[in-house]
There are 2 protein chains.
Amino acid sequence: MTMSKLETTSDVEFLKTYNIHDYDVPLTTVDMAIFSIVEQRLHVLVVTREESPQLGRWALPGGFIDLKKDVSLDAAAHRKLFEKTAIASPYLEQVQTVGDATRDPRGWSVTALYFALIDHATPLAMNAQWLPVDEASNLDWAFDHQMLLRLAVERLRSKTLYTALPIGLMPELFTLTELQQVFEVILGHGLEKKSFRRRVLDAGVVLPTEFSKKSGKRSAQLYRAAALSLDFVFPRALDVLL
Amino acid sequence: MTMSKLETTSDVEFLKTYNIHDYDVPLTTVDMAIFSIVEQRLHVLVVTREESPQLGRWALPGGFIDLKKDVSLDAAAHRKLFEKTAIASPYLEQVQTVGDATRDPRGWSVTALYFALIDHATPLAMNAQWLPVDEASNLDWAFDHQMLLRLAVERLRSKTLYTALPIGLMPELFTLTELQQVFEVILGHGLEKKSFRRRVLDAGVVLPTEFSKKSGKRSAQLYRAAALSLDFVFPRALDVLL
DNA sequence: CTAATAGTGTCTGTGAGACATTATAGC
DNA sequence: GCTATAATGTCTCACAGACACTATTAG
């Protein structure tokens with residue numbers, strides 16, 4: 001028997017008699033809030049549950065960790081995302097983990113909630129679709145997914161005030177006006193143009209390209225995301241308390 | 001048979017045949033990074049493991065969720081804290097949830113990491129003790145607890161730059177100089193006195209009391225935490241990138 | 001008095017908001 | 001030319017840093 005670095009000598013003896021099925025353990029799942037901007041509105045990817053429990057209700061994509069396939073929690077989140085969108089490397093961030101005795105009728109359950117940002121020009125799996133987040137409260141959600149969505153939206157909104165995160169929702173090339181509109185859609189209110197441009201340009205989170213966009217009137221400079229862009233934290237937040 | 005709001009009609013049928021032990025599920029635990037300031041240094045509460053696996057190694061307090069006693073993940077964290085300190089209502093915040101196939105020799109495991117802030121003048125359970133966090137890297141830690149501690153310290157440091165969180169480490173009454181020293185200990189460098197006082201006083205996160213502290217030279221005004229203090233977010237971060 | 005610590009006055013710098021202005025394209 | 005959109009100039013304001021200064025206490 002090989003002994004990993006993690007195991008002390010006594011562990012080897014201990015593990016011979018250990019059986020996880022002897023204990024009461026909670027269910028553990030990963031749920032995803034996958035955001036995109038569609039037609040100037042913030043949307044989230046939703047599915048309708050095709051099996052019990054909560055058959056037929058709306059839900060965030062997610063489900064059990066596959067102890068064989070998933071090497072980590074993050075890997076499980078990536079797998080869930082890939083199953084719905086075939087996107088392998090998006091922005092992915094853990095939001096919060098929620099667990100209690102009543103959120104799932106099968107028993108005590110825990111879910112690790114992640115959010116992802118993707119460009120909406122991405123093919124979706126058959127059973128997935130985009131839903132405007134401001135219509136979420138009218139729906140019949142499975143489990144506590146309405147609250148999970150609210151947590152994810154709050155995180156996205158609050159980080160939009162002091163990071164460049166929304167760049168993760170943009171296509172490869174974009175104009176500053178388009179980027180500003182995405183910020184405005186997420187925050188739910190307008191931003192001052194000059195301040196916005198100063199902020200993102202001075203920080204170097206977007207870089208000019210050799211391309212410009214000709215769309216009607218004066219053509220606009222096209223930018224792309226700088227390498228550090230999504231991790232960048234501005235020294236000051238935008239005004240406006242949420 | 002009563003049907004909870006959470007269960008659809010089909011769920012009632014489904015649950016008759018559902019048995020969690022039919023599935024492979026990860027172990028799920030809660031771990032605590034409990035911080036305090038002792039002798040002008042940031043300390044964390046540690047225990048030595050008294051059972052396998054990882055018998056004898058240093059560990060953050062924590063362990064399995066008790067599906068009978070704990071109504072939620074947060075409740076489990078509060079229970080773990082209370083078992084070591086008998087403190088019922090400290091500042092408690094979820095940091096991150098870590099899970100993978102190899103961090104625990106018993107198998108695929110997930111832990112929800114929390115941090116708590118307490119005044120160090122708190123009696124501890126027998127097997128718990130304060131450890132300076134800057135000595136943590138020399139120790140023989142159980143599982144991935146050294147990394148968990150690093151995550152919690154990073155969160156504490158980064159929130160110290162833009163919130164009033166360290167107030168949670170203070171006793172009932174404290175002077176502004178004492179509070180500033182705590183900020184400095186956490187950040188690892190000095191802060192400018194006038195700026196610091198303006199910041200906390202203008203924000204109203206501390207309130208003057210009718211008391212003052214006579215300690216050697218000129219006596220100092222004693223303050224207490226304002227109700228909102230720990231949730232307060234300053235519009236600008238302190239300088240200095242971590 | 002002196003020394004030590006508490007606490008203030010005030011100048012500078014940075015970066016956000018406001019808003020007027022100029023630039024460039026299609027028609 | 002006119003109009004729409006892109007992009008800039010520049011003033012003000014809030015708040016952090018720097019640092020000199022004053023205030024209060026024990027001895």
Side-chain angles (χ1 to χ4, degrees), chain A residues 40 158-164 166 170 173-184 187-223 232-242, chain B residues 40 158-164 166 170 173-184 187-223 232-242:
Chain A
Q40 300 277 60
S158 99
K159 290 196 79 165
T160 298
L161 291 175
Y162 61 94
T163 72
M170 306 305 290
L173 297 179
F174 50 88
T175 70
L176 290 190
T177 301
E178 287 163 353
L179 181 61
Q180 181 172 346
Q181 282 167 350
V182 168
F183 272 73
E184 291 173 342
L187 294 175
H189 67 263
L191 294 171
E192 213 289 317
K193 181 161 65 169
K194 187 65 199 294
S195 314
F196 181 80
R197 284 160 177 259
R198 237 189 345 224
R199 190 173 163 93
V200 298
L201 289 174
D202 290 359
V205 293
V206 296
L207 299 171
T209 65
E210 53 181 323
F211 305 106
S212 65
K213 183 172 191 173
K214 305 190 195 323
S215 56
K217 307 297 172 177
R218 175 173 174 178
S219 58
Q221 173 70 47
L222 282 166
Y223 292 82
F232 188 84
V233 178
F234 292 97
R236 301 194 197 174
L238 295 170
D239 277 5
V240 181
L241 302 184
L242 287 179
Chain B
Q40 300 278 62
S158 99
K159 290 196 77 163
T160 297
L161 291 175
Y162 62 95
T163 71
M170 305 306 290
L173 297 178
F174 52 87
T175 70
L176 289 191
T177 300
E178 288 164 354
L179 181 61
Q180 181 173 346
Q181 283 167 350
V182 169
F183 272 74
E184 290 172 343
L187 294 176
H189 67 262
L191 294 172
E192 213 289 317
K193 181 161 63 166
K194 188 65 198 296
S195 313
F196 182 79
R197 285 160 177 259
R198 238 187 344 220
R199 189 173 162 93
V200 298
L201 290 173
D202 290 359
V205 293
V206 295
L207 299 171
T209 65
E210 54 181 323
F211 305 107
S212 65
K213 182 171 192 173
K214 303 188 197 322
S215 56
K217 308 296 174 178
R218 174 173 175 179
S219 58
Q221 174 69 47
L222 283 166
Y223 292 82
F232 188 84
V233 178
F234 293 97
R236 298 195 199 173
L238 295 170
D239 276 6
V240 181
L241 302 185
L242 286 180

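Every value quoted in this text rests on a predicted model; they were computed, and no experiment measured them. Order of the sequence lines fixes the chain letters, A, B, ..., with proteins taken first and strands second; residue numbering starts at 1 for each chain.
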Could you grab the distance from atom [atom1] of [X] to atom [atom2] of [Y], nearest 0.5 Å is fine?
X: B/Asp239; Y: B/Glu192; atom1: CG; atom2: CD; answer: 11.5 Å
X: B/Arg197; Y: B/Tyr223; atom1: CZ; atom2: OH; answer: 6.5 Å
X: A/Leu222; Y: A/Leu207; atom1: CG; atom2: CG; answer: 13.0 Å
X: A/Glu210; Y: A/Gln221; atom1: CD; atom2: CD; answer: 10.0 Å
X: A/Met170; Y: A/Thr175; atom1: CE; atom2: OG1; answer: 7.0 Å

(message) Given 3.5 Å as the limit, does a donor-acceptor pair link the side chain of B/Gln180 with the main chain of B/Leu191, or not?
(response) yes
Let me know the distance between [atom1] of [X] and [atom2] of [N], rounded to the nearest Å.
X: B/Gln221; N: C/dG7; atom1: CD; atom2: P; answer: 7 Å
X: A/Lys193; N: C/dA16; atom1: NZ; atom2: P; answer: 17 Å
X: A/Arg197; N: C/dA16; atom1: CZ; atom2: P; answer: 15 Å
X: B/Phe196; N: C/dA6; atom1: CZ; atom2: C1'; answer: 14 Å
X: B/Leu176; N: C/dT5; atom1: CG; atom2: P; answer: 17 Å
X: B/Arg199; N: C/dG7; atom1: CZ; atom2: P; answer: 20 Å
X: B/Glu178; N: C/dT5; atom1: CD; atom2: C1'; answer: 12 Å
X: A/Gln180; N: C/dA16; atom1: CD; atom2: P; answer: 13 Å

(message) Check the phosphate of C/dA6 against B/Thr177, side-chain N and O only, distance under 4.0 Å to OP1 or OP2. Yes or no?
(response) yes
(request) Indicate the ring-plane relationship of B/Phe183 and B/Phe196, choosing parallel, tilted or perpendicular according to the 30° and 60° boundaries. (result) perpendicular
(message) With heavy atoms of chain B within less than 4.0 Å as the criterion, where does contact along DNA chain D begin and end?
(response) D/dA14 to D/dA26
Remember a base hit wins even if backbone is also touched, and classify [X] as base, sugar-phosphate or nothing at under 4.0 Å, heavy atoms.
X: B/Thr175; result: nothing
X: A/Arg198; result: base
X: B/Ser195; result: base

(request) Examine the base of C/dG9 for any acceptor or donor lying under 3.5 Å from a partner atom in the side chain of B/Lys194, and report the outcome as yes or no. (result) yes
(request) Ignoring hydrogens and angles, answer whether the base of C/dA25 and the side-chain atoms of A/Arg218 contain a donor-acceptor pair closer than 3.5 Å. (result) no
(request) Would you kindly compare B/Asp202 and B/Glu192 by the position of their nearest DNA chain D nucleotide and give the one closer to the 5′ end? (result) B/Asp202
(request) Would you kindly compare B/Lys214 and A/Leu201 by the position of their nearest DNA chain D nucleotide and give the one closer to the 5′ end? (result) A/Leu201
